[in-house]
Amino acid sequence: MITVTFFKENGKIVKVCARGHSGLSEYGSDILCAATSALIQTAYLAVADISGGVKYKRNDDKGEFEFTVQRECENRHDVDVVLRALTIGLKDLQSGYPQNIKLEEQ
């Protein structure tokens with residue numbers, strides 16, 4: 001199962017962690033893993049581009065990717081819009097594959 005955790009401070013997402021594999025298909029040919037990865041990595045790239053600073057960690061062997069937004073970043077409104085779009089996209093995937101992807105907030 002893929003687990004995506006959104007860490008919030010003062011109602012704002014400050015960190016996104018994705019771990020695991022969906023188990024729909026073999027590693028490397030799983031469409032749900034690919035869709036989840038594409039959403040999260042695109043959100044990371046957009047946030048990094050507009051915010052001026054994002055830290056990330058990646059471990060392909062374990063199926064892990066996380067990124068952290070600085071508390072006081074540039075263009076926070078735009079960052080929030082990107083992260084909201086990420087949340088909407090992941091919720092849509094979860095609605096189609098509830099046994100394979102779980103979303104959490106902390």
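Throughout, residue positions are numbered sequentially from 1 according to the sequence presented.
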key: Side chains of T36 and L90 in contact at under 4.5 Å (non-hydrogen atoms)   = yes
task = Please assess Y56 against T68 for the test side chain to side chain contact (heavy atoms under 4.5 Å, CB included), listing each intermediate value before the final yes or no.
result = CA-CA 6 Å; Y56 78 95; T68 305; over 6 Å; no
message = Hydrophobic clustering (ILVMFWY, side-chain heavy atoms < 4.5 Å, transitive) - are F6 and V81 grouped together?
response = no
message = Could you tell me if the side chain of I101 sits less than 4.5 Å from the side chain of M1, heavy atoms only?
response = no
key: Non-hydrogen side-chain atoms of K12 and R76 separated by less than 4.5 Å   = yes
Spacing of F65 atom CZ and Q41 atom CD [to the nearest 0.5 Å] = 5.5 Å
remark   = Scanning both residues in full, the closest heavy-atom pair of S95 with P98 reads O-CD, 3.8 Å
ask   = Atom OG of S37 and atom CG of D60: how far apart are they, to the nearest 0.5 Å?
value = 8.5 Å
Backbone N/O of C33 and side chain of D30: donor-acceptor pair under 3.5 Å = yes
ask   = Does a salt bridge link R58 with E64, judged by any charged N lying under 4.0 Å from a carboxylate O?
value = no
query = Are side-chain heavy atoms of I13 and T87 found at a separation under 4.5 Å?
reply = yes
note = Nearest heavy-atom approach of H21 to D61 is NE2-O, 4.4 Å
message = Just verifying a value: how many Å separate K8 NZ and L83 CG, rounded to the nearest 0.5 Å?
response = 10.0 Å
message = As a quick check of understanding, evaluate side chain to side chain contact (heavy atoms under 4.5 Å, CB included) for I40 and L86, giving each step before the final call.
response = CA-CA 7 Å; I40 291 172; L86 170 62; 3.9 Å; yes
request  = Kindly work out whether a path of hydrophobic side-chain contacts (I/L/V/M/F/W/Y, heavy atoms less than 4.5 Å apart) joins V4 to V14.
outcome  = no
Sidechain N-carboxylate O distance under 4.0 Å for D80, R84 = no
request  = Can you see which heavy atom on S22 is nearest to which on N100, and at what distance?
outcome  = O-ND2, 2.9 Å
ask   = CG of L45 to CD1 of I50: how many Å apart, nearest 0.5 Å?
value = 11.5 Å
task = State, yes or no, whether a side-chain contact exists between L93 and L39 at a heavy-atom distance under 4.5 Å.
result = yes
ask   = Considering only heavy atoms from C-beta outward, does the side chain of E66 approach that of R19 to under 4.5 Å?
value = yes
key: Under 3.5 Å: donor-acceptor pair, side chain of N75, backbone of S51   = no
ask   = V69 versus F7: any side-chain heavy-atom pair under 4.5 Å?
value = no
ask   = Can E104 and T5 be counted as having a side-chain donor-acceptor contact under 3.5 angstrom?
value = yes
request  = Enter the distance from K57:NZ to C17:SG here, rounded to the nearest 0.5 Å.
outcome  = 8.5 Å
ask   = Do the non-hydrogen side-chain atoms of V54 and Y44 ever get within less than 4.5 Å of each other?
value = yes
